[in-house]
Amino acid sequence: MRRAAARTDAGMMVPVMRPHLGAEEASAVAAAVESGWVAQGPRVAAFEEAFAAQVGASHAVAVSSCTTGLHLALTVIGVGPGDEVVVPSLSFIATTNSVRYVGARPVFADVEPATGNLTAETVAAVATPATRAVLLVHQGGVPADVEAIRGFCEPRGIALIEDAACAVGSTYRGRPVGHCSPLAAWSFHPRKIVTTGEGGMVTTESAEHANRLRRLRDHGMSVSAADRHASRQPVLEEYLELGFNYRMTDIQAALGLVQLRRLPEIVRRRRELAARYHELLADVPGVVAVTDPPYGTTNYQSYWVLLDRDFPVSRNRLLQALADHGVSARRGIMAAHLEPACAGLSHGPLPVTERLTRSTVILPLFHDLTALQQDRVVDVIRSVAR
Ligand SMILES: *Cc1c(COP(=O)(O)O)cnc(C)c1O
């Protein structure tokens, strides 16, 4: 009874995340449907162009998800059986899974406490002569120190791929994350900053990689549907290698084009809400909130707090208290090495990863979060901390 009463007392439930979608998105999707071209077509091409311009990349190739994008990125640089790829365990499990899809071995590196990201030092600690690539995550939108890690990788011939699933709209040294990246993969899942329902993108500086990515997402076919459509002669396609169906639809791209135009407004709003959380939580003992690193800015795709030794109750007790008051929070970022699916993967000690995954909470943060809702989240944390 108490729980039910708590939930209704302000007529308020606070979800952890809600995508920012409006009438413009709805009419853009309707226009795609009315056009009759609903699979990959002109809207996907336009979305790719707009996305490349947004992040400062030479090429952008739309795919069905960030996960499939990571699979293709590892494929185009030739990672395979016998290779090792350094990944953070502290990430959504797709990061690790993509390495397993190509038959390579994921090698877990620890992260730094402040950002939850790999560093040149944590990568160096686990690199071996078999290391072919590093899969660097910008966790929850917090940029990782790309140049420092590239400084480790380049002289050793190790490729660097960015898992930028959460990071559109974040900046690194004054430029968009992903600017001139050799290979970066992005997500448009509704839990991320801009959404297409499901969807992803791979950006690259290499025309050769871009061509191969386009072919691999489309069954390894020698001509694209758009080229065949535009041709006045019959086109006999060939299948040049083992490919996949990892395409995005024009319905999704129509949504993405509108969302991408909203990106500055979406990021501004998230940073404003994060600043308000910072203020409200500043004097709560034992709560350490994620902030911008010295070299960049986060889009606050996730707003997490670390509960340190001064916080009087366990992380799970806090999650329960929040739930009792109608607030949907989440445990912190998962650690892949603790999951049954990864039981067969050996790894060294990952103390920071384990501390972060066990002691962090992701708080509600979305475009239409009201001050009243935010106050409620903080009130619950305050009452538990007392
Ligand atoms: C969400 C996420 C993914 C997977 O993205 P999808 O588009 O859902 O496949 C991969 N890596 C990270 C770090 C993520 O947060």
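When a ligand or atom number is given, it counts from 1 through the structure's own listing order. Heavy-atom basis, side chains included; hydrogens, waters and symmetry copies ignored.
- Applying the side chain to side chain contact (heavy atoms under 4.5 Å, CB included) criterion to S27, with sequence neighbours excluded, gives no partner residue.
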Please tabulate, one line per pair, the protein N or O atoms found under 3.5 Å from any N or O atom of ligand 1, giving the distance to one decimal.
unit_1   : atom_1 : unit_2 : atom_2 : d
ligand 1 : 5 (O)  : S187   : OG     : 3.4
ligand 1 : 7 (O)  : C66    : N      : 2.9
ligand 1 : 7 (O)  : S187   : OG     : 2.7
ligand 1 : 9 (O)  : C66    : N      : 3.4
ligand 1 : 9 (O)  : T67    : N      : 3.0
ligand 1 : 9 (O)  : T67    : OG1    : 2.5
ligand 1 : 11 (N) : D163   : OD1    : 3.2
ligand 1 : 11 (N) : D163   : OD2    : 2.8
ligand 1 : 15 (O) : K192   : NZ     : 2.8

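- Comment: R212 does not engage E208 in a salt bridge, judged by the lack of any side-chain N to carboxylate O separation of less than 4.0 angstrom.
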> Should F47 and F188 be marked as a ring pair (Phe, Tyr, Trp, His ring centres under 6.0 Å) after you check the CA-CA gap, both sets of side-chain angles, and the distance that decides it?
Replying inline: CA-CA 12 Å; F47 184 42; F188 307 120; 5.2 Å; yes
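- Residue E272 places its CD atom among more than 12 non-hydrogen atoms of other residues, nucleotides or ligands, all under 6.0 Å distant.
- With respect to the salt-bridge test (charged N to carboxylate O, under 4.0 angstrom), the residues R276 and D375 qualify.
- With no hydrogens or angles considered, a side-chain donor-acceptor pair links D324 and Q320 at under 3.5 Å.
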